[in-house]
Amino acid sequence: MKKISIVFAFIFAFVFTFASMSLSVFAEGKTEKGYSSLEELAEDYLVKVTRIDKEGVTTVTMRNISEFTEAAHKYFPDLDDIVIARFICKYSGKHETPEILPDESVLQILTSEEVCVQEETLSPSKDKDNADKNITEENDSSPLKIIFSAAAGVLVVVGAVIVVMKNKKTQQSF
């Protein structure tokens, strides 16, 4: 019985050490990423939420505009705000040719928290199950992965402590 508990303690210690090391490697791997275009940057920073209501109206909401703008200034310091704003207009589908719009109206998009674009489809959905569906494209949730990995590590350590304490109690009763 004592050998089994020692083996379990070593297994838990190994798993915890491996989880901790993988967290540090994961954190180091996410330090800096290079971008070659605004499209690549938008894929990592902007969040698109698409909703189709029961009348068939599609609403696309673009979020994280301020974070995207800051990152665009960081990775592409030569770009003006108007170029970034026109890209967001085109990327969100708000306007297909933002070049023809006045600069003042295009620049307002940079101060918005989100951009909403609505399109009406020709034939509304008659299926009640699909009447109100949400489709979300999410960015990389690396902080969430780190939290879950850390929680798993804590659970492994707690399990090891419980096994060791149980073995001590059974040894004391003999």
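Here the closest non-hydrogen pair linking Ile65 and Leu46 is CA-CD2, 4.0 Å.
Looking at Thr111, its side chain never comes within 3.5 Å of a backbone N or O of Leu107 through a donor-acceptor pair.
Linking Ile, Leu, Val, Met, Phe, Trp and Tyr whenever their side-chain heavy atoms come within less than 4.5 Å puts Leu110 and Leu79 in one cluster. In terms of hydrophobic clustering, with Ile, Leu, Val, Met, Phe, Trp and Tyr side chains grouped at heavy-atom distances under 4.5 Å, Val154 and Met165 are assigned to different clusters.
Side-chain contact between Thr61 and Arg51 is absent, with no heavy atoms from C-beta onward closer than 4.5 Å. Proximity of Leu38 to Phe68: side-chain heavy atoms (C-beta onward) are separated by under 4.5 Å at one or more points.
Taking the six-membered ring for Trp, Phe76 and Phe87 have ring centres at least 6.0 Å apart.
Taking OG1 of Thr59 as the reference point, atom CD1 of Ile52 lies at 9.5 Å (rounded to 0.5 Å). To the nearest 0.5 Å, atom OG1 of residue Thr50 and atom CE of residue Met62 are 8.5 Å apart. To the nearest 0.5 Å, atom CG of residue Asp81 and atom CD1 of residue Ile88 are 9.5 Å apart. Residue Cys89 holds its SG atom at 10.0 Å from CD of Gln108, rounded to the nearest 0.5 Å. Here Arg86 contributes atom CZ and Ile82 contributes atom CD1; the two are 4.0 Å apart, rounded to the nearest 0.5 Å. Between the CG atom of Leu41 and the OH atom of Tyr91 there is a distance of 9.5 Å, given to the nearest 0.5 Å.
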